[in-house]
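Read the structure below first, then the notes.
Letters go in sequence order (proteins before strands), and every chain restarts at 1. These values consider heavy atoms only, across backbone and side chains, with no hydrogens, waters or symmetry-generated copies.
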Amino acid sequence: MNAPAEIDADQLRGRVADFLAAHDPAATDRLAFLRARFDAGLAWIHFPEGLGGLGAPRSLQPVVDAAFEAAGAPGNDPRRIGIGLGMAAPTILQYGTDAQKQRFLRPLWTGEEVWCQLFSEPGAGSDLAGLATRAVRDGDTWTVDGQKVWTSSAHLARWAILIARTDPGVPKHQGITYFVCDMTDPGVEVRPLRQITGEAEFNEVFLTGVRIPDAHRLGEVGDGWRVAQATLMSERVAIGGGSVPREGGMIGIVARTWRERPELRTHDLHQRLLGLWVDAEAARLTGERLRQQLRRGRPGPEGSAMKLAFARLNQELSGLEVELLAEDGLGYEDWTMRRPELVDFTGRDAGYRYLRAKGNSIEGGTSEVLLNIIAERVLGLPPEPRDDKDLPWKDLPR
Amino acid sequence: MTAPTTPDLLYSETEEDLRAAVRSLLTAHGAPASVLAAVESGRPYDSGLWRSLADMGTAGLLVPEKHGGQGATAREAAVVLEELGRAVVDVPHLTSAVLAVRALLGCDAGRPEVADTLTALAGGRRVGALAVPLPTAPGGTVPTSVRAEPTEPERALLSGEVTAVAGAPGADVLLVPADAGLFLVPATAEGVTVAPVTPLDLTRPPARVTLARTPATLLAEPGQARAAVADALLTGAGLLASEQLGLAEWCLAETVRHTTQRRQFGRPVGSFQALKHRLAALWLDVTSARAAARNAADALATDAPDAAVAVAVAQSHCSEVAVRAAQECVQLHGGLGMTWEHPAHLYLKRAKADEIALGAPGRHRRVLAGLIDLPGPVG
């Protein structure tokens, strides 16, 4: 960002062309190609030179990605390594030591090493800062004991970002430290967590005497809550993307069923569908307006509004579709326990959508907590009186 | 990157300047606190405020410059309506400067009676009203019980009755759809009776208009008249969404202010989660209403091919949001919200009347069903 002469889109296209001339995608091994792309600074261009980037504006990343895609170059399959790209990498960049950046970022970006996130616990969901997993220091090594939950990719991951309690004697936000955890440590046990859909996207992770070298600590001891905020902020920045067409998303799926199955229509469902169509269109326009504000450099608080709106719409629309399908709504595709790599509402049956959408108002912040956030941060309403912020964590009632 | 059809949902600097000017005028006028006294005065509308607004040029926003207007678009008109809604003032802006003006713009402006009327309305010197029942939705048929007896070319005697004509009390000219086209009728003409009903919404009183062999001038033949009225209703409905947005924004802001200050059980009532969630949900509603209203205004301003969809979505959504916001405002003000003295009831009454105006939400959704190919049950 602070380079004297900022690189522009044409220069970036030139760099990609030069790179492709030296590394024919058709004749180069996939991993070798991705490593070379990282080393050329053409991975995530807003990262610094030497760490996969060029210190270029993040807004130009699509230029580079499009140029590689047009050349048929192999990609790093970002959906498979979303936690690493969206959460671990920005945090390592901001808080990591030089050695940590050199060690972790390249295999993270190429996808050689998958990352997962060990934040939520059975006893710490919405109240994440109340977490109970303990990390105890002995010289240059920490020993970690506890249990994490709702961990996607844990069964595939080489590394995890982990927050654990290092000082129970201070108020809860102050006693947390942020680590990189080796998922191959013998004390790490990963178990699939089967959901109401029948399959297991997520895991429970049991940590028993897991050893973490102090060199794998991110940020200062006791500063983990602040570091975790950076992770969660990055997650929100990563959400966004381009304009959504009318009838994009769940409303399009239900509208298609409606058009294709006239024999299922009833007056009551018609009224409700039209109402939800209007709500979906209003939500789509709200998202479009948010993107326009961001482009003008004036981000609004609509981001949390979008998540709330889509959770409600997905749930109501998928419920309406099951009801519309009547006899077919009584069936379910398959209850076999599976481990899907990606969550996708399309290509699945209505029953799956109905059940999976129930998670939309829980994952990534419950709708109830988001409403609190809007009330306090957007509307400025006073917080509820709380007795858990100033007491030492060990003295909190539980 | 951006497709040419992507609507501009933001406010331009010019639009923000216009908003600031209108808001500062309304604030100086003392609205909304002053509105109750104005509606209790017995006058059909606040003529002093209307004059001040007209001096700013708001009455002629949608009128081309050659006819004495500002030549602005529905986007700017929408911003003015947001502010008028926020202040719940009783001026005939929607009925004269939007509905009557748009109906006239659908006629042949080369004719002196059309051009002269446009110029008079643009300057706010005269006030017009389109004689259709306020609940009429765009996209449907306009009920016309008024019959014309031709007397000479382009002159006729009109007889009949139109109910629930908003803005008729205090109007100087009536634009009357009849079987033989759209006619111009001075309110003072022979045989005109404007009988106000006791209105739910004190700030926009409707009236029953009766014509008994009233001399009238033809403005448009039936085909053109139908198109002109349809366009006026579509524009009116689309812009009404912005008025509803303004109403809802005031209700939310006022309720947040009140619940932050009002203390019960030793703390501000706005710190209770039950209230916070309701207000946050209302903020979501208002946020999406803003996007929908902006989309309708932009579609009307750019003559977008799917303007009818944008208007139906905005009306269906914003009508309900405004009513919800006003109801929450009354409820969360507690006893205060039930008093005549507090302005919350003016917003509730306007919001409820606006819900019916230019098509209730269900009517808009029925129109929408045809536009987006989501037909109802077969048989």
Side-chain angles (χ1 to χ4, degrees), chain A residues 62 242-243 245-247 254-255 258-259 262-271 273-275 277-293 295-296 298 300-302 304-306 308-309 312 367-368 370-385, chain B residues 1-3 6-10 252-253 255-257 259-260 266-273 275-285 287-296 306 309-310 312-318 320-321 361-362 364-366 368-369 372-378:
Chain A
S243 297
R246 185 176 282 165
E247 287 197 7
V254 183
W258 182 269
R259 292 181 184 118
E263 76 283 5
L264 297 174
R265 298 173 195 160
T266 68
H267 288 289
D268 168 61
L269 288 168
H270 191 221
Q271 297 309 312
L273 176 63
L274 290 171
W277 196 95
V278 169
D279 291 348
E281 177 67 357
R284 182 186 75 86
L285 291 165
T286 308
E288 179 58 35
R289 189 161 194 276
L290 170 67
R291 273 185 286 278
Q292 292 182 6
Q293 284 177 309
R295 276 205 291 276
R296 258 200 217 174
R298 290 202 295 243
E302 279 88 344
S304 41
M306 297 314 300
L308 277 162
R312 184 184 76 82
S367 290
E368 288 72 19
L370 289 180
L371 287 170
N372 284 345
I373 290 173
I374 289 170
E376 291 177 18
R377 300 198 195 154
V378 180
L379 296 177
L381 288 166
E384 298 241 12
Chain B
M1 286 290 281
T2 309
T6 302
D8 175 2
L9 301 175
L10 305 180
L252 174 61
T255 310
V256 167
R257 192 194 62 71
T259 54
T260 305
R267 55 172 165 134
V269 294
S271 67
F272 287 98
Q273 199 174 44
L275 270 62
K276 287 159 95 165
H277 281 197
R278 286 171 70 160
L279 287 164
L282 193 55
W283 177 82
L284 290 174
D285 287 339
T287 299
S288 57
R290 189 178 300 118
R294 236 25 227 153
N295 185 52
D306 67 346
V309 172
V313 166
Q315 261 306 292
S316 170
H317 191 63
C318 297
E320 294 181 347
V321 169
H364 286 283
R365 289 194 287 267
R366 191 167 71 192
L368 197 56
I372 60 173
D373 183 30
L374 287 178
V378 187

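- Contact annotation for A:Leu308: only side-chain heavy atoms (C-beta onward) come within less than 4.5 Å of a heavy atom of chain B.
- No donor-acceptor pair closer than 3.5 Å links the side chain of B:Lys276 to the backbone N or O of A:Ile373.
- Shown here are the side-chain hydrogen bond (donor to acceptor under 3.5 Å, both in side chains) partners of B:Gln273, two or more places apart in sequence or in another chain: A:Asn372.
- Note that CD of A:Glu281 and CG of B:Asn295 are 6.5 Å apart. Values are rounded to the nearest 0.5 Å.
- Contact record, A:Ala282 with B:Ala291: O-CB, 4.4 Å, taken as the closest heavy-atom pair.
- A donor-acceptor pair under 3.5 Å is formed between the side chain of B:His277 and the backbone N or O of A:Glu368.
- In terms of modelled atom types and a separation under 3.5 Å, the side chain of A:Gln292 and the main chain of B:Pro7 share a donor-acceptor contact.
- Considering CG of A:Leu274 and CG of B:Leu368, their distance stands at 6.5 Å, rounded to 0.5 Å.
- Once rounded to the nearest 0.5 Å, the distance linking OG1 of A:Thr286 with CG of B:Leu9 reads 9.0 Å.
- When heavy atoms are compared at a cutoff of 4.5 Å, B:Asp285 does not approach chain A at all.
- At a 4.5 Å heavy-atom cutoff, the contact between A:Arg246 and chain B is made by side-chain atoms alone.
- In this structure, the separation between CG on A:Leu371 and CG on B:Leu284 is 6.5 Å, given to the nearest 0.5 Å.
- The local environment of CZ in A:Arg312 is crowded, with over 12 non-hydrogen atoms from other residues, nucleotides or ligands closer than 6.0 Å.
- Contact tally against chain B (heavy-atom pairs below 4.5 Å) for A:Ser367, A:Gly287, A:Pro385: the top residue is A:Pro385.
- Of all heavy-atom pairs between B:Leu252 and A:Leu379, the closest is CD2-CD2, 4.3 Å.
- With a 4.5 Å cut-off on non-hydrogen atoms, A:Ala309 does not touch chain B at all.
- For chain A, no part of B:Leu275 is nearby; none of its heavy atoms comes within less than 4.5 Å.
- If you measure heavy-atom distances from B:Pro361 to chain A, you find no contacts under 4.5 Å at all.
- Of all heavy-atom pairs between B:Ser271 and A:Pro383, the closest is CB-O, 3.5 Å.
- Of the two parts of A:Leu264, neither the backbone nor the side chain holds a non-hydrogen atom closer than 4.5 Å to a non-hydrogen atom of chain B.
- Between A:Met306 atom CE and B:Thr287 atom OG1 the span is 10.0 Å, to the nearest 0.5 Å.
- A pairwise comparison of heavy atoms in B:Ala280 and A:Ala375 identifies CB-N, 4.1 Å as the closest pair.
- Heavy-atom distances place the side chain of B:Arg267, and not its backbone, under 4.5 Å from chain A.
- For A:His270, the ring-ring contact (aromatic ring centres under 6.0 Å, His included) partners at least two apart in sequence or on another chain are A:Trp258.
- The CG atom of B:Asp373 lies 5.0 Å from the CZ atom of A:Arg259; values are rounded to the nearest 0.5 Å.
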